[in-house]
Protein chains: 2
Amino acid sequence: MKIGELAKRLDISTDTLRYYEKHGLLSFSERSESGYRIYSPKHEKQMQFILRAKAVGFSLKEIQELLEIKLEKQQHSCGEVKQLTLQKRQTVRDKIAELKRFEKSLSLLADACCGGPELATGCSILTTLEAADDIVI
Amino acid sequence: MKIGELAKRLDISTDTLRYYEKHGLLSFSERSESGYRIYSPKHEKQMQFILRAKAVGFSLKEIQELLEIKLEKQQHSCGEVKQLTLQKRQTVRDKIAELKRFEKSLSLLADACCGGPELATGCSILTTLEAADDIVI
DNA sequence: GTTGACCTTGGAGTTTACTCAAAGGTTTAT
DNA sequence: ATAAACCTTTGAGTAAACTCCAAGGTCAAC
Ligand SMILES: [Zn+2]
Ligand SMILES: [Zn+2]
Ligand SMILES: [Zn+2]
Ligand SMILES: [Zn+2]
């Protein structure tokens with residue numbers, strides 16, 4: 001399987017596949033006589049692992065750690081894997097909390113504004129951002 | 001007021017102040033004979049607007065739009081301001097939704113893993129990422 | 001045998017919001 | 001008068017994950 005076919009099967013770009021290889025996520029493939037990358041089903045499996053890990057929120061750097069553990073399972077414990085997962089969940093939760101604060105502030109701002117065709121001179125959103133220490137945050 | 005004092009009052013760096021000026025967020029200040037930036041209370045007010053807008057989640061680019069409206073309030077309507085706010089809230093909500101999907105997937109993965117000192121050969125997190133089409137997402 | 005689709009590499013560009021460094025000029029305090 | 005603390009500019013670097021481009025080599029079809 002050449003790179004174009006694998007990319008199509010995974011619904012990603014060939015650039016992405018080369019990028020992952022360059023950054024140590026996808027192990028090197030064989031090359032044809034003319035230098036083309038030739039992929040095996042193992043490569044496709046590995047890519048599916050990567051894409052699933054991405055789908056649950058892991059960054060490429062974190063996926064690298066998971067792959068290292070996966071490749072030498074004998075040297076690592078369940079506890080390590082779970083810790084990576086829990087750490088990730090915590091950063092996700094922190095981001096959610098921050099975004100929820102944003103959402104709340106934006107809702108307060110929007111609710112206080114009539115949103116009509118009046119001139120923005122008296123817009124409560126602008127005046128709040130100019131001066132309020134109470135509503136915001 | 002020179003840049004160092006304003007930075008200290010706002011609890012940001014002088015680099016940030018110069019960066020905002022360069023990117024059109026903070027209007028140009030007067031200069032002393034020797035070329036130092038001299039800021040007035042108006043500049044401090046404008047920075048407070050910017051920092052409040054940042055605190056509710058607006059990006060610098062979005063803050064630029066808000067500032068444009070603010071500077072020519074006569075040419076703009078409440079509706080425009082509210083629309084910017086509602087648009088921003090929607091992107092925030094979309095991000096929250098994505099992160100919540102991540103959180104849920106990560107919780108499912110973590111809950112299924114014993115997290116003990118056993119070898120990672122049978123770790124359910126790894127096997128799920130290798131093959132599952134059911135739990136994940 | 002030549003078009004067109006595919007592959008290669010290296011390197012640059014994108015986005016966001018800074019942050020740091022170098023090399024130098026100015027002000028203030030002692 | 002000199003050291004410390006400030007200020008200036010330009011330009012480069014950071015993170016994250018690609019994406020695009022140029023210049024060229026290869027392969028399959030008609
Ligand atoms: Zn209104
Ligand atoms: Zn309004
Ligand atoms: Zn276990
Ligand atoms: Zn486990």
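Residue numbers start from 1 in every chain, and the chains themselves are labelled A, B, ... in the order their sequence lines are given, proteins ahead of strands.
- When rounded to the nearest whole Å, the span between CG of Leu6(A) and P of dC7(C) equals 10 Å.
- Between the side chains of Ser13(A) and Thr16(A), at least one donor N or O lies within less than 3.5 Å of an accepting N or O.
- Nucleotide dT27(C) holds its P atom 16 Å from the CD atom of Glu5(B), rounded to whole Å.
- Between Phe58(B) and Glu33(B), the one whose closest nucleotide on DNA chain C sits nearer the 5' end is Phe58(B).
- Ser32(A) comes within 4.0 angstrom of nothing in the nucleic acid, heavy atoms only.
- Salt-bridge check for Arg37(A) with Glu30(A): failed, with every basic side-chain N at 4.0 Å or more from each acidic carboxylate O.
- Taking only side-chain atoms of Tyr36(A), from C-beta outward, the nucleotide of dT26(C), dA17(C), dT8(C) with the closest atom is dT8(C).
- Within residues 39-49 of chain A, no residue has any heavy atom under 4.0 Å from DNA chain C.
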Expected rows: protein N/O vs nucleotides 9-12 of chain C N/O, under 3.5 Å:
unit_1: dT9(C); atom_1: OP1; unit_2: Arg31(A); atom_2: NH1; d: 3.3
unit_1: dT9(C); atom_1: OP1; unit_2: Arg31(A); atom_2: NH2; d: 3.1
unit_1: dT9(C); atom_1: OP2; unit_2: Arg37(A); atom_2: NH1; d: 2.9
unit_1: dT9(C); atom_1: OP2; unit_2: Arg37(A); atom_2: NH2; d: 2.8

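- Annotation: of the two residues near DNA chain C, His23(B) and Lys2(B), the 5′-most nearest-nucleotide partner is His23(B).
- Of all heavy-atom pairs spanning Gly116(B) and Ser77(A), the tightest one is O-CB, 3.8 Å.
- Between Leu109(B) and Ile125(B), the shortest heavy-atom distance links the atoms O-CG1, 3.4 Å.
- Listed pair Lys8(A) / dA5(C) fails the phosphate criterion, with no side-chain N or O lying under 4.0 Å from OP1 or OP2.
- Of all heavy-atom pairs spanning Leu126(A) and Ala120(A), the tightest one is CD1-O, 3.9 Å.
- For Lys88(B) and dT16(C), the NZ to C1' distance is 11 Å, given to the nearest whole Å.
- Rounded to whole angstrom, the span from the CG atom of Asp11(B) across to the P atom of dC18(C) amounts to 13 Å.
- As a whole-Å value, the separation of Ile3(A) CD1 from dC6(C) P is 13 Å.
- The two residues Arg89(A) and Ser107(B) have their closest heavy-atom pair at NH1-OG, 2.9 Å.
- When rounded to the nearest whole Å, the span between CG of Leu10(B) and P of dC18(C) equals 13 Å.
- Residues Val92(A) and Lys100(B) form no side-chain contact, since every pair of their non-hydrogen atoms from C-beta on lies 4.5 Å or further apart.
- A heavy-atom distance below 4.5 Å is found between the side chains of Met1(B) and Arg9(B).
- Side-chain polar atoms of Gln74(B) and Thr121(A) form no donor-acceptor pair below 3.5 angstrom.
- Here chain B contacts DNA chain D (any atom closer than 4.0 Å to a heavy atom, that is under 4.0 Å), and the contacts span dC6(D) to dT9(D) from 5' to 3'.
- Remark: Glu130(B) engages Lys73(A) in a salt bridge, criterion side-chain N to carboxylate O under 4.0 Å.
- The heavy-atom pair separating Lys2(A) from Ile38(A) by the smallest distance is CG-CD1, 4.0 Å.
- Rounded to an integer number of Å, the gap from Ile38(A) CD1 to dC6(C) P is 15 Å.
- Shortest non-hydrogen contact noted between Ser29(A) and Glu21(A) is OG-OE1, 4.4 Å.
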